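Written out below as structure tokens is the structure these notes cover.
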Amino acid sequence: MRRIAVFASGSGSNFQSIQESIKDGRLRAEIALLVCDRPDAYVVKRASKEGIPVFAFVPSRFESKAAFEREIVTLLKERQIDLLVLAGYMRLIGDTLLQAYPNKIVNIHPSLLPAFPGKDAVGQAIAAGVRVTGVTIHFVDEGMDTGPIIDQASVRIHPDDSREMVQRSIQGLEHMLYPEVLAKLLH
Ligand code: GRF
């Protein structure tokens, strides 16, 4: 059984959809650790409910990114993690993690990269007036949403769609696509 660590900072709806896909047998893997940089994030509650071990930390209590990433690497090695799955982790991955897990870190981003990297990708797409946006899953490198693309899927934006409607379609797509792509990567 392949062992993954999910990294998240917020609500964790993607964490939940990955866990559901494991429970119903679509994804043969185990979430062996949740890494969260905001101890009060809702994703921590979701993990606890599922009995998944959590490493929740406050970045400002460490002297540097390298310092907390060293601690994370120790935990990942102890738990024999095969793949690091970023799902709404709002922090750039540093050299310590990148060097410890080359080509073993993936991320999901709510746009068709390379369009609209960084924060508020849905807002950026609406402001740009594009009629098609979507979801990208990619390998993580040192840049912001720049690593090699693994898969993408698109959604249409209609002229009178509200931001909430676009957000909802994108999230629905994320919840389908991430478990599917992970299943292929881990098989
Ligand atoms: C998702 O839209 C993901 O693409 C982005 O952050 C959001 C996380 O949402 N990187 P959730 O915490 O999984 O609900």
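In listed order, ligands and their atoms are each counted from 1. Because the structure is a prediction, the values reported are computed rather than measured.
Heavy-atom proximity to atom 5 (C) of ligand 1, evaluated over A87, A121, P110, A8, is greatest for P110.
The part of E174 lying near ligand 1 is the side chain, judged by heavy-atom distances below 4.0 Å.
Taking a cutoff of 4.0 Å between a charged side-chain nitrogen and a carboxylate oxygen, K23 and E50 qualify as a salt bridge. Using a cutoff of 4.0 Å between basic side-chain nitrogens and carboxylate oxygens, D82 and R3 are not scored as salt-bridged.
Side-chain atoms of N107 do not come within 3.5 Å of backbone N or O of V140 as any donor-acceptor pair. Formation of a donor-acceptor pair under 3.5 Å by the E69 side chain with backbone atoms of L97 is found in this model.
Atom CZ of R28 has 12 or fewer neighbouring heavy atoms from other residues, nucleotides or ligands inside a 6.0 Å radius.
The N/O atoms of N107, backbone and side chain alike, include none that comes under 3.5 Å of an N/O atom in ligand 1. When only interatomic distances are considered, the shortest N/O to N/O separation between I108 and ligand 1 falls below 3.5 Å.
Residue contacts with ligand 1 include Q171, since one of its heavy atoms falls under 4.0 Å from the ligand. A heavy-atom separation below 4.0 Å is found between G12 and ligand 1.
If you number the atoms of ligand 1 from 1 as listed, the ones under 4.0 Å from a heavy atom of S13 come out as 11 (P), 12 (O), 13 (O), 14 (O).
Scanning all heavy atoms of the two residues, the minimum distance from E174 to P110 falls at OE2-CB, 3.7 Å.
Looking at atom 7 (C) of ligand 1, its nearest protein heavy atom turns out to be G88 CA, 4.1 Å.
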